[in-house]
Amino acid sequence: MKPQLKPQNPNFSSGPCSKRPGYDLTQLDASTLGRSHRSSLGKAVLAESIEKTKAILGIPEDYRVGIVPASDTGAMEMVMWSMLGARPIDVFHWESFGSGWLADITKQLKLEQVNSYLADYGSLPDLTQANPQHDTIFTWNGTTSGVKVPNGDWISDDREGVTICDATSAVFAMPMPWEKLDVVTFSWQKVLGGEGAHGVIVLSPKAVERLESYTPPWPLPKIFRMTKGGKLIEGIFKGATINTPSMLCVVDYVDALDWVADIGGVGAAIDKSESNLAVLTNFVESRHWIHFLAKEPTQRSNTSVCLTLDASEQQVKAMIKLLDDEGVAFDIGAYRDAPAGLRIWAGATVESSDLEALLPWLDWAYAEVTQ
């Protein structure tokens with residue numbers, strides 16, 4: 001039977017992700033609009049967003065947090081172009097974005113002392129192969145594979161290289177062992193449901209030391225430069241952004257941060273996301289035709305939940321279209337490079353009640369395309 005109850009919010013996209021519950025565009029503080037981001041007001045709001053990020057995430061006091069251009073991709077490119085080449089590099093990758101970082105390192109930067117540790121979609125490579133003498137690059141949560149790193153125990157406390165972590169669909173949804181991470185990048189449009197085109201870089205003192213002691217042999221565009229005269233440009237980490245940010249996006253980000261604080265902080269946001277995963281897990285375990293792409297339960301993402309179906313690629317596409325046409329689930333197709341299937345966002349901005357309302361529709365749609 002065709003279900004009657006529909007999710008109140010059918011937005012299950014994995015980026016940009018659903019806005020927070022109760023979001024109201026008209027309630028944003030518009031006082032910065034039409035003002036310079038270099039004004040005292042503009043700088044104050046940018047600094048506020050940085051300070052709240054550090055406080056809510058529990059980032060160590062001696063770490064820097066900066067807002068940079070071009071989303072998480074821009075943040076990662078900025079870090080790689082500025083910091084890599086000083087040491088050999090271990091790259092751990094198991095999905096599209098991690099493999100993209102390897103391609104940049106080997107084909108664009110053309111670095112040669114690079115070790116590639118690859119796993120197929122659904123699995124993790126052997127992280128214990130990380131060499132403490134090398135720089136390490138990895139994605140905490142594989143947004144396109146639904147596979148996450150369960151913890152940071154494999155990262156040496158005595159490492160001499162820096163760890164660079166793309167954490168864009170993990171921060172605010174998974175615990176971050178900051179003491180193990182020298183560089184963390186993320187974007188607002190993932191777990192917080194913020195707007196695009198802005199990235200965040202978190203730097204440990206070790207990362208700052210690298211930036212101030214190492215000059216890469218290639219030219220750096222202005223938009224990538226984090227140092228001047230061999231010293232960190234501290235303004236980047238105090239609200240003086242490299243290029244002009246959207247102040248509307250910034251106040252939207254502050255709104256999302258305030259919401260996290262209101263629900264009980266990052267721990268509550270993590271719990272909410274894990275509860276959402278539990279809803280989907282109960283459904284998958286009670287159906288024979290749907291499966292997690294992630295093979296190991298401890299490695300299953302609690303944000304970008306990737307599922308495979310006992311169906312052809314054409315049937316999967318037909319199912320996704322049915323759900324879209326019915327207005328019950330938008331943008332839930334697997335990433336283009338991943339195996340055919342569903343990708344359902346389960347981050348904290350998604351309500352469990354909406355996931356529960358979606359599940360009978362999955363049964364119905366699957367029956368419609370496979371009968």
Electrostatic pair Asp252-Lys19, nearest N-O below 4.0 angstrom: yes
ILVMFWY network linking Ile242 to Met247, side-chain heavy atoms under 4.5 angstrom: no
Donor-acceptor under 3.5 Å (Ser71 side chain, Thr73 main chain): no
Least distance between heavy atoms, Leu111 atom then Val114 atom: O-CG2, 3.6 Å
Full working for side chain to side chain contact (heavy atoms under 4.5 Å, CB included) between Val68 and Thr241: CA-CA 7 Å; Val68 300; Thr241 53; over 6 Å; no
Side-chain donor/acceptor of Lys6 to backbone N/O of Glu326, under 3.5 Å: yes
Any Arg287 side-chain heavy atom under 4.5 Å of Tyr366 side chain: no
Over 12 foreign heavy atoms within 6.0 Å of CD, Glu179: yes
salt_bridge(Asp153, Lys180) N-O dist < 4.0 Å: no
Interatomic distance, Gln315 atom CD to Leu322 atom CG [nearest 0.5 angstrom]: 11.5 Å
Candidate pair Phe172 and Phe186, rule side chain to side chain contact (heavy atoms under 4.5 Å, CB included), full reasoning: CA-CA 10 Å; Phe172 293 100; Phe186 66 93; 4.0 Å; yes
Non-hydrogen atoms of Pro150 and Gln299 that approach each other most closely: CD-CG, 4.3 Å
Shortest non-hydrogen contact between His37 and Leu46, atoms and distance: O-CD1, 4.0 Å
Gap between atom CG of Asp135 and atom CZ of Arg210 - 0.5 Å precision: 4.0 Å
From Thr139, Asn302, Thr303, Thr298, residue fulfilling side chain to side chain donor-acceptor pair (under 3.5 Å) relative to Lys148: Asn302
Backbone of Arg159 reached by a side-chain donor or acceptor of Lys206 within 3.5 Å: yes
Which atom of Leu220 lies closest to which atom of Ser82, heavy atoms considered: CD1-OG, 4.0 Å
Separation of Asn243 CG from Ile67 CD1 (nearest 0.5 Å): 11.0 Å
Polar contact flag, side-chain donor to acceptor under 3.5 angstrom, Ser116-His93: yes
Asp120, CG: over 12 other non-hydrogen atoms inside 6.0 angstrom: no
Hydrophobic cluster membership, Met174 vs Val183, 4.5 Å side-chain cutoff: no
Evaluation steps, side chain to side chain contact (heavy atoms under 4.5 Å, CB included), between Tyr63 and Val184: CA-CA 11 Å; Tyr63 279 47; Val184 174; over 6 Å; no
Atom of Phe224, atom of Met78 and distance for their closest heavy-atom approach: O-CG, 3.5 Å
Sub-4.5 Å side-chain heavy-atom contact between Ile50 and Lys238: no
Flag, side chain of Lys43 to backbone of Ser40, donor-acceptor distance under 3.5 Å: no
Donor-acceptor under 3.5 Å (Thr349 side chain, Ser18 main chain): yes
Trp154 (side chain) donor-acceptor with Asp126 (main chain) under 3.5 angstrom: no
Single-linkage hydrophobic cluster Leu211~Val65, side-chain heavy atoms < 4.5 angstrom: no
Residues Arg343, Asp331: salt bridge by 4.0 Å N-O rule: no
Spacing of CG belonging to Leu323 relative to CD belonging to Glu368, to within rounding of 0.5 Å: 10.5 Å
Cluster overlap Phe330 with Leu342, hydrophobic side-chain contacts below 4.5 Å: no
Stepwise side chain to side chain donor-acceptor pair (under 3.5 Å) check, Thr136 with Asp90: CA-CA 5 Å; Thr136 302; Asp90 295 337; 4.6 Å; no
Ser123 (side chain) donor-acceptor with Ala119 (main chain) under 3.5 angstrom: no
Salt-bridge contact Arg87-Glu160 (side-chain N to carboxylate O under 4.0 Å): yes
CG-NE2 distance between Leu307 and His291, expressed to the nearest 0.5 angstrom: 10.0 Å
Side-chain heavy-atom pair Val147, Leu293 within 4.5 angstrom cut-off: no
Stacked cation flag Arg300 on Phe292, 6.0 angstrom / 45 deg: yes
Minimum side-chain heavy-atom gap Asp354-Leu358 below 4.5 Å: no
Heavy-atom side-chain contact between Leu355 and Val350 under 4.5 Å: yes
Between CG on residue Asp255 and CZ on residue Arg20, distance to nearest 0.5 Å: 4.0 Å
Side-chain touch Pro175/Ile270, heavy atoms, less than 4.5 angstrom: yes
Intermediate values then yes/no, side chain to side chain contact (heavy atoms under 4.5 Å, CB included), Met76 and Phe97: CA-CA 11 Å; Met76 278 295 294; Phe97 290 103; over 6 Å; no
Close side-chain approach of Asp158 to Ser156, heavy-atom, < 4.5 Å: yes
Parallel, tilted or perpendicular: ring planes of Phe92 versus Tyr117, cut at 30 and 60 degrees: parallel
Connected via hydrophobic side-chain network under 4.5 Å: Trp101 and Met83: yes
Audit row: Asp24, Thr26, side chain to side chain donor-acceptor pair (under 3.5 Å) steps and yes/no: CA-CA 5 Å; Asp24 184 348; Thr26 65; 2.7 Å; yes
Backbone of Trp345 reached by a side-chain donor or acceptor of Ser304 within 3.5 Å: no
Main-chain N/O of Ser204 paired to Asp182 side chain as donor or acceptor, under 3.5 Å: no
Whether Thr144 side chain and Ser96 backbone form a donor-acceptor pair below 3.5 Å: yes
Minimal non-hydrogen separation, Asn276 against Gly347, with atom names: ND2-O, 3.2 Å
Flag side-chain contact, heavy atom, 4.5 Å: Gln189 against Thr168: no
